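Inspection log for the structure reproduced underneath, given as structure tokens.
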Amino acid sequence: MCELCAGKAVIRQAGEGEAIWFDGGLLTITVAAEDTGGAFAVFDYLATRGKASPLHRHPDAEETFWLLEGSIRVHIDGVEHEGSAGATFVFRRDVPHAYAITSESARLTMMLTPGGGENFFRAAGTPAERPELPPPGERNLEQFQAAAAANGVVLLGPPPFDLATIAA
């Protein structure tokens with residue numbers, strides 16, 4: 001981070017930021033709410049085929065995805081959409097949504113407006129030991145649910161996708 005820019009700008013190079021192993025992927029907080037006066041937070045997320053979020057909503061934040069690499073399937077309030085590199089998705093406050101990685105891997109830039117959502121990822125994940133995908137493991141459902149409840153994420157149910165066809 002640019003120490004001389006404090007209070008003027010946030011500059012992080014590729015690979016810089018707070019790396020977290022989150023739900024089978026590598027999430028890097030590149031801009032935290034404290035960097036923007038709470039206005040927004042930005043994340044880089046790398047995950048592999050079959051990774052899917054539960055159906056959820058954010059009552060107090062918009063969530064934006066910019067798909068940089070790969071492809072995803074997105075469920076928005078009962079309707080599914082496909083996206084490939086270059087696609088943008090904006091989930092408005094309180095709208096139920098979920099996503100699943102449908103390519104071998106995918107990289108997304110994600111933004112929550114306002115910021116603060118990074119605390120969910122910190123609580124639901126673990127600090128990455130190295131900047132790469134985590135070793136295989138199961139989602140710790142109790143930790144995930146507790147992190148959601150403490151950070152304003154409303155879990156509505158499991159991923160609304162046929163994961164067997166996505167993982168194939």
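Owing to the predicted nature of the structure, the values given are computational and were not obtained by experimental measurement.
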Side-chain donor or acceptor of Thr30 paired with backbone N/O of Val42 under 3.5 Å: yes

Heavy-atom donor-acceptor pair, Glu80 side chain to Arg73 backbone, under 3.5 Å: no

[Y] side chain reached by [X] side chain, heavy atoms, under 4.5 Å:
X      : Y     : result
Glu118 : Glu18 : no
Phe161 : His75 : yes
Leu112 : Phe43 : yes
Ile101 : Thr48 : no
His97  : Phe65 : no
Met111 : Glu63 : no

How close do [X] and [Y] get, heavy atom to heavy atom, and via which atoms?
X      : Y      : result
Ala52  : Pro159 : CB-CB, 3.8 Å
Tyr99  : Tyr45  : OH-CE2, 3.7 Å
Gly157 : Pro54  : O-CB, 3.2 Å
Thr113 : Arg93  : O-NH2, 3.8 Å
Ser103 : Ser71  : OG-N, 2.9 Å
Pro134 : Gly25  : CD-O, 3.6 Å

Glu142 atom CD, over 12 foreign heavy atoms within 6.0 Å: no

Euclidean distance, Ile72 CD1 relative to Glu82 CD, rounded to 0.5 Å: 9.0 Å

Under 3.5 Å, which donor-acceptor pairs do the side chains of residues 124-133 form with other protein atoms, sequence neighbours left out?
{"unit_1": "Arg130", "atom_1": "NE", "unit_2": "Glu132", "atom_2": "OE2", "d": "2.6"}

ILVMFWY cluster, Phe91 and Leu108 together (side-chain gap under 4.5 Å): yes

Stepwise salt bridge (Lys or Arg N to Asp or Glu O under 4.0 Å) check, Arg12 with Asp44: CA-CA 12 Å; Arg12 295 220 167 75; Asp44 179 76; over 6 Å; no

